Amino acid sequence: MLDQNQINQLHEIALAMVAPGKGILAADESTGTIKKRFDAVGVESTEENRRAYRQMLFTTPGIEEFISGVILYDETIRQTASDGTSFVKFLQSKNILPGIKVDTGTEDFNGSEVEKITKGLEDLPQRLKEYYGLGARFAKWRAVITIKAEQLPTSECILENALRLAQYAKDCQQAGLVPIVEPEVLMDGNHTIERCAVVTLETLKQVFRQLKEKEVILSALILKPNMVISAKQCANQATFEEVAQWTLKIFNQVIPSEVPGIAFLSGGQSDAQATENLNEINKIIGSPWRMSFSYGRALQAPALKVWSGQAENFAAAQAAFYKRAKLNSLARNGAYSQAMETAGGSVELISQD
Ligand code: 13P
């Protein structure tokens, strides 16, 4: 059992993760995933290239104005910048919280070739202890829910993923880390926004049922959900305004007001689309939660492309990353506009929430 002091400390970290005008950089791609991302820009996935790439992101000047925390991968939390400073110490020196991905990926659920459950609970308490010692103050666990035809997802797969998310969250809080609880309903396929709404509602209901069952402290976690959105191949794409309205409609039915913050994943949206949707969500006022971002691809894509493994592109890649972080910071206030995307467009920070 946590005492009130420990609960307060976790709550303060959770609030800092979704501090006004700031969001989280997800830079926790596993070695397999980063290889795919590097392959796309023709960069070999060596340990040194992965280190150099993450150094480029983390050392972007001024990023601490917009970035509250960075989710690291096991390899990265142990790495150092070229000057020998550990990444953890460097981030701390910029008042950026280090976090860590602690799930160990997915496996097939119940013999299904489509449905997945997330692994990594067996030795989790020991690993959390080590990560806390290395400086991590929050963690992430991602569950994936697939929509396919009328049959999927099954309620059994949703339940098993929710049970594991809840156990992970419990273990994190016991170890002094704020859990990011990430149940991602995938946007792959051709389903409509209405179908995404139904499945997101069922998933979040089960997640909060299991969190309560395990007595996880809701004021000491961050929820990282998908937006309620049309699937990528859906012929009838919802507008940004519809995404915002559907997302809040579902959230208001199921997310308790004690949850301090929601940090969306980008889930395969383009960088501008993810920013635009976040902006529309934040234009709707009156939600009890801070509505922020914890993007991977939507923050990194332009920077990765510009960098392409070449040291001489370092500064230009940092400028691309800075721009995305700044635009998403504006979107937290509903203060972003598409005109800011154009090369000559202003990306000045005009207000903070
Ligand atoms: P994306 O924003 O690319 O979906 O990544 C976020 C994340 O952390 C996935 O677990």
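What's counted below: heavy atoms across the whole structure, side chains too, no hydrogens, waters or symmetry copies. As the structure is a prediction and not an experimental result, all values here were calculated from the model. Start at 1 and go down the list; that is how both ligands and their atoms are numbered.
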Go through ligand 1 atom by atom and flag the ones less than 4.0 Å from a non-hydrogen atom of K224.
-> 6 (C), 7 (C), 8 (O)
Over 60° means perpendicular and under 30° means parallel, so classify the ring planes of F38 and Y53, tilted if in between.
-> perpendicular
Numbering the atoms of ligand 1 from 1, which are under 4.0 Å from a heavy atom of Y295?
-> 2 (O)
With a cut-off of under 6.0 Å to the ring centre and 45° to the axis, is R137 in cation-pi contact with Y132?
-> yes
If you round to the nearest 0.5 Å, how far is CD of E184 from OG1 of T200?
-> 10.0 Å
Tell me which protein heavy atom sits closest to atom 4 (O) of ligand 1, plus the residue, atom name and distance to 0.1 Å.
-> G267 N, 2.7 Å
Report the part of A274 (side chain from C-beta onward, or backbone N, CA, C, O) that has a heavy atom under 4.0 Å from ligand 1; answer both or neither where that applies.
-> neither
Among protein heavy atoms, which lies nearest atom 2 (O) of ligand 1, and at what distance?
-> S266 OG, 2.5 Å
Atom 10 (O) of ligand 1: which protein heavy atom is closest, and how many Å away?
-> K140 NZ, 2.4 Å
What atoms of ligand 1 come within less than 4.0 Å of a heavy atom belonging to S294?
-> 6 (C)
Kindly write out the residues that satisfy side-chain hydrogen bond (donor to acceptor under 3.5 Å, both in side chains) with Q273, not counting sequence neighbours, or none if the list is empty.
-> none
Would you say the side-chain atoms of T104 and K119 include a donor-acceptor pair closer than 3.5 Å?
-> no
List the closest protein heavy-atom neighbour of atom 5 (O) of ligand 1: residue, atom name, distance to the nearest 0.1 Å.
-> G296 N, 3.5 Å
Filtering R37, E182, E29 for the heavy atom nearest atom 9 (C) of ligand 1 leaves E182
With sequence neighbours excluded, what pairs up with F240 under the ring pair (Phe, Tyr, Trp, His ring centres under 6.0 Å) test?
-> none
Check step by step if ring-ring contact (aromatic ring centres under 6.0 Å, His included) holds for F87 and F58.
-> CA-CA 8 Å; F87 281 147; F58 304 162; 5.1 Å; yes
Ligand 1-proximal atoms of R297, by part, heavy-atom distance under 4.0 Å | both
